[in-house]
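Quick notes on the structure that follows.
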Amino acid sequence: EDIDFDHHKKDGVHINGPSSYGIVRRMKGKTGDDFVALNAWDWGLSAVTFGPIHHIFVQDIDCTGDEIRLLPGRKLFEGGAALDCDIHDCHFSHIRNAYCFKLYQQPNCHNDLTGWNDKSPIPGVLQDITFEDVELNTITAVGLGEVKVTALFEICADCDRISFNDIRIALPLSDFRAAGMRVVEVGPKSST
């Protein structure tokens, strides 16, 4: 809590699974990456642990033009073992200036070059996730990895009980529509 970020070009608070019963609050600034990332599943070169994330509360965040990520999936290990990396019972409230909430897995773009099969075979599970008191203050056409941004909430996961309460667009509706934006969009999305 009580952290200011100043363009350091890395995730602000990056939580890998297994993780539970945590609070991330009263943070502001700009990272140039994911301001808050709940990565239950992640690339093999990006994390040392994988597993479920639950009962995390994220509140009072002012992230100037950054994104927030929830990354579920199924981790495949050498030898064939698998681990479901679900995210459930998490609450996000009083969030300002995030240009996008990414609720989908992101394949490693380097897979095609290396031949390493570092991906989740399923979209992953998000359950009992609440977003409330969220305000969009700016439109960003292209986000990290040159991925086109078309919604405040972009979802491609198996979802059960996702709640959106008091979501505000602090822009003229005509600007929001002219940019082709939506509040919520569901479907696959990746720079690959």
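Note that this is a predicted model, so its numbers are computed, not measured.
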Trace of the side-chain contact (heavy atoms from CB on, under 4.5 Å) decision for V13 with I15 | CA-CA 6 Å; V13 173; I15 299 173; 3.9 Å; yes
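- Taking 4.0 Å as the cut-off between side-chain N and carboxylate O, R161 and D128 count as a salt-bridged pair.
- Under the 4.5 Å side-chain heavy-atom criterion for ILVMFWY residues, a single connected hydrophobic cluster contains both L70 and I167.
- W41 and V125 are not part of a single hydrophobic cluster, where members link through side-chain heavy atoms under 4.5 Å apart.
- You'll find the ring centres of F131 and H91 outside the 6.0 Å limit.
- Between D2 and R26 there is a salt bridge, with a side-chain nitrogen of the basic residue lying less than 4.0 Å from a carboxylate oxygen of the acidic one.
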Given D33 and K10, is the salt bridge (Lys or Arg N to Asp or Glu O under 4.0 Å) satisfied, shown in steps?
-> CA-CA 5 Å; D33 204 337; K10 300 289 182 196; over 6 Å; no
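- Under a hydrophobic-cluster definition in which Ile, Leu, Val, Met, Phe, Trp and Tyr are linked whenever side-chain heavy atoms come within less than 4.5 Å, directly or via other members, V134 and I162 are assigned to the same cluster.
- Of the charged side-chain nitrogens involved, none lies within less than 4.0 Å of a carboxylate oxygen, so that D175 and R177 do not count as a salt-bridged pair.
- For the atom pair D60 CG and K28 NZ, the distance stands at 12.0 Å (nearest 0.5 Å).
- The nearest pair of heavy atoms linking R74 to P121 is O-CD, 3.4 Å.
- Checked by atom type, the side-chain pair N16/N39 shows no donor-acceptor distance below 3.5 Å.
- Atom-to-atom distance recorded for R69:CZ and D42:CG is 8.5 Å, nearest 0.5 angstrom.
- Note: T64 OG1 to K30 NZ = 7.5 Å, rounded to the nearest 0.5 Å.
- Minimum heavy-atom separation, L136 to A98: CD1-O, 3.5 Å.
- Aromatic ring orientation, F101 versus F92: perpendicular (interplanar angle above 60°, classes split at 30° and 60°).
- Shortest non-hydrogen contact noted between C100 and V149 is CB-CG1, 4.2 Å.
- Under the 4.5 Å side-chain heavy-atom criterion for Ile, Leu, Val, Met, Phe, Trp and Tyr, I23 and I3 are members of distinct hydrophobic clusters.
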Chi angles and distances behind the side-chain contact (heavy atoms from CB on, under 4.5 Å) call for I87, I129 | CA-CA 8 Å; I87 300 175; I129 309 292; 4.0 Å; yes
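- Note: F50 CZ to L76 CG = 10.5 Å, rounded to the nearest 0.5 Å.
- A40 and C85 get closest at one heavy-atom pair: CB-O, 3.3 Å.
- Cluster annotation: I122 and L126 are assigned to distinct hydrophobic clusters (Ile/Leu/Val/Met/Phe/Trp/Tyr, side-chain heavy-atom contacts under 4.5 Å, transitive).
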Could you walk me through whether H8 and T31 pass the side-chain contact (heavy atoms from CB on, under 4.5 Å) test, one step at a time?
-> CA-CA 5 Å; H8 66 285; T31 65; 3.4 Å; yes
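- Taking the six-membered ring where tryptophan is involved, the planes of H55 and Y21 are essentially parallel, since the angle between them stays under 30° and well short of 60°.
- For the residue pair H94 and D133, a side-chain donor N or O sits within less than 3.5 Å of a side-chain acceptor on the partner.
- No hydrogens or angles considered: nothing links the side chains of S93 and E132 as a donor-acceptor pair under 3.5 Å.
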